[in-house]
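Predicted, not measured: the structure shown is a model, and the values here were computed from it. Both ligands and their constituent atoms are indexed starting at 1 by order of listing.
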Amino acid sequence: MNKRRLVIANWKMYVERPEDAKRFIASLKRRSRLFSGVDVVVAPSYPLITPVAAALKSSQIKVGAQTVSAHEEAPRTGEVSAAILKACGVTYAIVGHSERRAMGENDELVAAKLERAVNAGLTAVLCVGEVERDPAGGHFTFIASQIASALKNFPKVHAKRLVVAYEPVWAIGKSAADAMKGTELREMSIFIKKTLTDALEREAAMRVPILYGGSVEPDNARSLIAEGDVSGFLVGHASAQVETFVEILKACRN
Ligand code: PGA
């Protein structure tokens, strides 16, 4: 299993102004010794990518995008291609976040975005997650089908550029008390790894980092990482304040 820890700040629309983004990055860089060894990605909204990338120049911290277009041809008003993101310094792209799926992104579009992202040289963070738990275990079948459809045409040569973020929708945007427990997470993490071996070569599948997202906060980060058998986190609301984000990063040190 991939032992390196990876934590992604999904800022959503929490950080609004370039000056706030720059202040956050300056402060994160100043504290980087506190989380040495942890791979960190900050995913701001599109207009903040350039200032964040500039502030992160010559730092180990990477820039991510919260989504990416499924298209690469220019006449697509309002879309942002993987090539543009890459040219602006982005190396990671979140794909298929549940908030985007709720706005209409279907499995087919998610698969197309995933393919575009990795073909352009980005690392794609595929988000999967059930809306609710099913006492009969239907959530496992649901996750398996989300992964299978997203990876249907996935170029296997790019397996190294794949990350899977398991984000149960029912746990997003709440608090640590409502998040998943480490032991429940472990079961799902093992299941996801097994499911990945159906789509990728076994060795490649075992190397895909599995992240957890959904109300990760300083209070639960340590137990989730210790018990959950995940490589790290995709953090939403708690990533918008540098203090809480750094606490989560500290919890992820090996
Ligand atoms: P949350 O969001 O940490 O605010 O629950 C996580 C996510 O949606 O990626």
Around atom 2 (O) of ligand 1, find the nearest protein heavy atom and jot down its residue, atom name and distance. Lys12 NZ, 3.1 Å
Residue, atom name and distance, where the atom is the protein heavy atom closest to atom 7 (C) of ligand 1: Glu167 OE2, 3.1 Å
Tell me the ring-ring contact (aromatic ring centres under 6.0 Å, His included) pairs involving residues 27-52, sequence neighbours left out? none
Presence of salt bridge, Glu105 and Arg100, under 4.0 angstrom: yes
Just to confirm my output: which protein heavy-atom neighbour is closest to atom 3 (O) of ligand 1, and how far is it? Gly236 N, 2.9 Å
At under 4.0 Å between heavy atoms, is it the side chain or the backbone of Ile172 that contacts ligand 1, or both, or neither? both
Should Asp107 and Lys152 count as an ion pair when the cut-off is N to O under 4.0 Å? no
Does an N or O anywhere in Tyr14 fall below 3.5 Å from an N or O of ligand 1? no
Counting heavy atoms only, which of Ala43, Gly173, Ala240 is nearest atom 5 (O) of ligand 1? Gly173
If you define the side chain from C-beta out and look only at heavy atoms, does anything of Val246 sit under 4.5 Å from Leu34? yes
Ligand-side contact atoms (ligand 1) for residue partner His97, heavy atom cut-off under 4.0 Å: 7 (C), 8 (O), 9 (O)
Quick check for you: to the nearest 0.5 Å, what is the distance between Arg161 atom CZ and Asn119 atom CG? 8.0 Å
As a test of understanding, state which of Asp229, Leu185, Ile210 forms a side-chain contact (heavy atoms from CB on, under 4.5 Å) with Ile190. Asp229
Hey, is Gly213 one of the residues with a heavy atom under 4.0 angstrom from ligand 1? no
Just jot down the ligand 1 atoms closer than 4.0 angstrom to any heavy atom of Asn10, in number order. 7 (C), 9 (O)
Hey, does Lys174 come in under 3.5 Å of ligand 1, counting only N/O atoms on both sides? no
Nearest to atom 1 (P) of ligand 1, what protein heavy atom do you find, and at what distance? His237 ND1, 3.5 Å
Which residue pairs pass the ring-ring contact (aromatic ring centres under 6.0 Å, His included) test when at least one of the two sits in residues 148-195, sequence neighbours left out? Phe140-Phe191
Look at Glu247 together with Lys250 and state whether they make a salt bridge at an N to O cut-off of under 4.0 Å. yes
